[in-house]
Structure formats: structure tokens, C-alpha cells
Amino acid sequence: MPELPEVETVVRGLRDEVVGRRFTHVSCHWPPQIVGLSPEAFASRLVGRCVEALNRRGKFIVFDLSEGALLIHLKMTGRLYVAARGEREEADRWLRAVFEMDDGRELRFSDLRKFGRLYLVSQASQVIGGLGPEPLSDDFTLDEFLARLARRRGMIKPLLLNQRFIAGIGNIYADEALWLARIDPRRRADTLKPHEAERLYHAIRTVLEDGIRYEGASVNWYRKADGATGSYQDHFNVYRRAGQPCSRCGASIHKIRVGQRGTHFCPTCQV
DNA sequence: CGGACAACCTGGCGGC
DNA sequence: TGCCGCCAGGTTGTCC
């Protein structure tokens with residue numbers, strides 16, 4: 001579930017804790033989560049490197065290091081937080097990797113379902129180079145969005161989930177953006193009228209900004225870096241609201257499958 | 001290109 | 001109470 005707003009919230013919460021720190025010891029408990037390296041090589045290469053910057057690109061957390069970059073994708077149940085070394089470590093039964101730092105604290109990666117991935121590369125672009133535009137940046141322009149939509153024949157919702165088309169949107173924000181734009185998730189992208197596509201463009205930005213403002217949606221596993229929940233789930237209009245009334249027209253919210261994904265929408269006002 | 005589906009994992013939940 | 005099977009969802013890879 002961590003999507004753009006959740007990952008952004010985690011990054012903001014961690015930045016001051018890790019930037020400027022040097023890794024002194026690294027351990028990983030589930031080797032398949034490290035992409036392309038053995039846990040030993042991953043650990044030995046990280047030790048001694050400093051964190052120069054911490055940023056987000058799409059749903060990736062990007063650590064710029066004194067040499068190379070560490071990238072972490074939380075997938076669905078990953079968590080990242082800082083704790084005092086050894087403190088209550090046994091309390092986290094899903095701890096998968098520990099990065100000890102030179103201030104006596106440690107960065108912890110916890111992940112119930114083990115879908116999360118860790119990458120250590122010389123250039124971050126090796127991992128994130130294929131991502132589509134960052135929806136809250138100036139690179140994401142209305143004109144380009146309209147032009148790219150017009151070239152797609154598939155359904156609009158799966159397209160919004162395609163990270164090569166646009167980075168950072170997941171199931172929650174896709175449903176919420178389509179509701180706000182009053183567009184049926186099954187519409188073919190190239191059939192959207194210009195005014196509909198423009199509504200969608202603004203809706204994407206609005207729901208992502210709202211998500212960040214409320215520090216993410218804690219539907220089940222997501223937590224902020226300090227362990228607290230976000231509150232965007234209290235502002236959902238469609239996600240997980242099947243059977244409840246649409247806040248715009250009063251009709252009942254439906255849940256269907258679109259592109260093999262659970263999809264929530266209002267059949268009356270999303271056309 | 002697009003769509004369907006499996007795979008990667010675990011826990012929660014409904015049904016029996 | 002326990003067991004079974006489905007569902008949840010981010011991403012990749014395979015197949016048609």
C-alpha cells in the first residue's frame with residue numbers, strides 16, 4: 001500500500017535521522033530481497049559509506065551515498081524506521097534488514113510479506129530510469145499528459161497504475177483520483193475528452209497532495225517512520241467504501257475488478 | 001500494445 | 001475451535 005504519499009511521508013520522517021550518517025554494520029535476514037547481490041556483498045559494500053541525501057522517486061526510497069546509491073521499495077508491507085541499536089529488536093517479528101549507523105542508532109527494514117526490495121547500485125538511474133513522470137513535479141505537464149493519454153488504448157485505471165506511464169500511483173489513489181475526476185475506471189484512455197483528461201490531471205495532483213497532507217493512508221500495514229498512523233483513510237470517497245453512499249450523489253459505491261485489481265467507484269457519477 | 005494470469009509472501013477473515 | 005480457501009495489492013515475467 002505504500003504509494004507516493006506514504007513513501008513521501010516516510011522519507012520526510014527519516015531524512016534528518018539518516019542524512020550525514022555512515023553505515024558501520026549491515027545485516028540482512030532474507031537474501032531474496034536484495035536484488036543482484038549476495039547479502040554478504042551487499043553488507044560489505046555498504047559499510048563505510050555515508051548517506052548524503054534521502055529522496056523519493058515514484059514509490060522508491062533513494063539514498064544517495066558517498067559512493068553509489070541504495071534504493072528501497074516497500075512494496076505492500078515494508079516499513080522503514082530508526083531505533084536505538086538493539087532496542088526492542090525482538091519485538092519486530094518481521095525485521096528483514098538492519099543498517100547500523102555511526103551515531104549508535106540503526107535503520108531497520110521490516111516487511112511482513114517479504115515483497116520489498118533492496119538495491120545497491122552505482123547509479124540510481126539503473127533502478128528508476130524507466131519510471132514515468134513524477135506527478136507533483138513541474139515535469140508533469142498537462143499537455144504531455146494529454147498527448148500520452150491519446151496514444152493509449154487500454155483502460156484508464158490500469159494505465160494510472162503503470163509506473164512507466166506515471167510514477168507513484170497505486171490502487172488507493174487511482175480509485176480516488178478517478179472518482180474526483182468523475183471518470184469510469186474502465187474507460188479507454190484514448191476516449192477521454194480533453195476536459196475529462198484535464199479533470200483527471202488535476203485530480204491526480206489533488207489526491208496525492210491530500211494524501212501527503214494527511215501523512216498517508218494507514219489501511220492496514222502502512223505506518224509513518226515514527227510508527228504512527230496516517231489519516232488519509234478518514235477522507236476516502238470510494239476506496240473500501242463499497243455499499244456506502246457516494247458523498248457527491250448519494251448512490252451506492254460499487255466494487256468490481258478492473259485489470260485484476262479491486263476497484264471502487266460510483267456507477268452514477270463516474271461516466 | 002494490451003490483457004490475462006502466475007509468482008512472490010503472509011495474515012485476516014468468512015464459511016463450514 | 002479449527003481447517004480451508006480466498007482476498008489483499010506492487011511489480012515482473014510469460015503467454016497469447
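Given the structure is predicted, the values throughout are model-derived calculations rather than measurements. Computed over heavy atoms, backbone and side chain alike; hydrogens, waters and symmetry mates excluded.
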Taking atom P of B/dG2 as reference, at what distance in whole Å does atom CZ of A/F165 sit?
10 Å

Identify which nucleotide among C/dC7, C/dG10, B/dC9 has an atom closest to any side-chain atom of A/H73, counting heavy atoms from C-beta outward.
C/dG10

Interatomic distance, A/L71 CG vs C/dG10 P [rounded to whole Å]
19 Å

Between B/dG11 and C/dT11 - P atom distance, rounded Å
22 Å

If I compare all heavy atoms of A/L149 with all of A/A197, which pair ends up nearest, and what's the gap?
CD1-CB, 3.7 Å

Does A/Y173 have its ring centroid less than 6.0 Å away from the ring centroid of A/Y232?
yes

How far apart are the closest heavy atoms of A/G58 and A/A167, and which atoms are they?
CA-CB, 3.8 Å

Strictly below 4.0 Å: does A/K75 bring a side-chain N or O up to OP1 or OP2 of B/dC8?
no

Could you give the CG-to-C1' distance, from A/N171 to C/dC7, as a whole number of Å?
13 Å

Just how far, in rounded Å, is P of C/dT12 from CZ of A/R164?
7 Å

Counting only heavy atoms from other residues, nucleotides and ligands, does the tally under 6.0 Å from CG of A/D234 exceed 12?
yes

Could you tell me the separation between the CD1 atom of A/I256 and the P atom of C/dA8, rounded to a whole number of Å?
13 Å

Note every stem involving DNA chain B: at least three consecutive Watson-Crick or G-U wobble pairs, i with j then i+1 with j-1, with both distances under 3.5 Å.
B:2-8 with C:10-16, B:10-16 with C:2-8

Ranking C/dA8, C/dT11, B/dT10 by distance to the side chain of A/W94, first place goes to B/dT10

Testing the basics here: between A/K157 and A/T263, what is the closest heavy-atom pair and its distance to 0.1 Å?
NZ-OG1, 3.0 Å

Give A/Y222 one of three labels, base, sugar-phosphate or nothing, depending on what nucleic acid heavy atoms sit under 4.0 Å from its own.
nothing

Note: A/F109 and A/G78 closest approach over all heavy atoms is CE1-CA, 4.3 Å

Tell me which nucleotide among B/dA4, C/dA8, B/dG11 gets nearest to the side chain of A/Q260.
B/dA4

Rounded to the Å, how far apart are A/I166 CD1 and C/dG10 P?
15 Å

Under 4.0 angstrom between A/R240 side-chain N/O and C/dA8 OP1 or OP2
no

Could you check, using the six-membered ring where one of them is a Trp, whether A/F140 and A/Y201 have ring centers closer than 6.0 angstrom?
yes

Closest to side chain of A/L112, choosing from B/dT10, C/dT11, C/dC7
B/dT10

Identified side chain to side chain contact (heavy atoms under 4.5 Å, CB included) counterpart of A/I61 within the set A/N55, A/L14, A/L71, A/L80
A/L80

Measure from the side chain of A/R153, starting at C-beta and using heavy atoms only, and say which of C/dG10, B/dG2, C/dA8 lies closest.
B/dG2

Have a look at A/R188 and say if it touches a base, only the backbone sugar-phosphate, or nothing, with a 4.0 Å heavy-atom cut-off.
nothing

Which word best sums up how the rings of A/Y214 and A/H235 line up, parallel for under 30°, tilted for 30 to 60°, or perpendicular for over 60°?
parallel

For the pair made of OH in A/Y239 and C1' in C/dA8, what is the distance, rounded to whole Å?
7 Å

Classify the ring geometry between A/F42 and A/F99 as parallel (under 30°), tilted (30 to 60°) or perpendicular (over 60°).
perpendicular

Out of C/dT11, C/dA8, B/dA4, which has the shortest distance to the side chain of A/R257?
C/dA8

Rounded to whole Å, CG of A/N162 lies from C1' of C/dG10 at a distance of 12 Å

Is there a chain of hydrophobic side chains (I, L, V, M, F, W, Y, each step under 4.5 Å between heavy atoms) that links A/L54 to A/I212?
no

Which parts of residues 115-131 of chain A get close to DNA chain B, meaning a heavy atom less than 4.0 angstrom away?
A/F115

If only side-chain N and O atoms of A/R93 are considered, is one of them under 4.0 Å from the OP1 or OP2 phosphate oxygen of B/dG11?
yes

Give me the distance, rounded to whole Å, that separates C/dC6 from B/dC5 when you measure between the P atoms they each carry.
14 Å

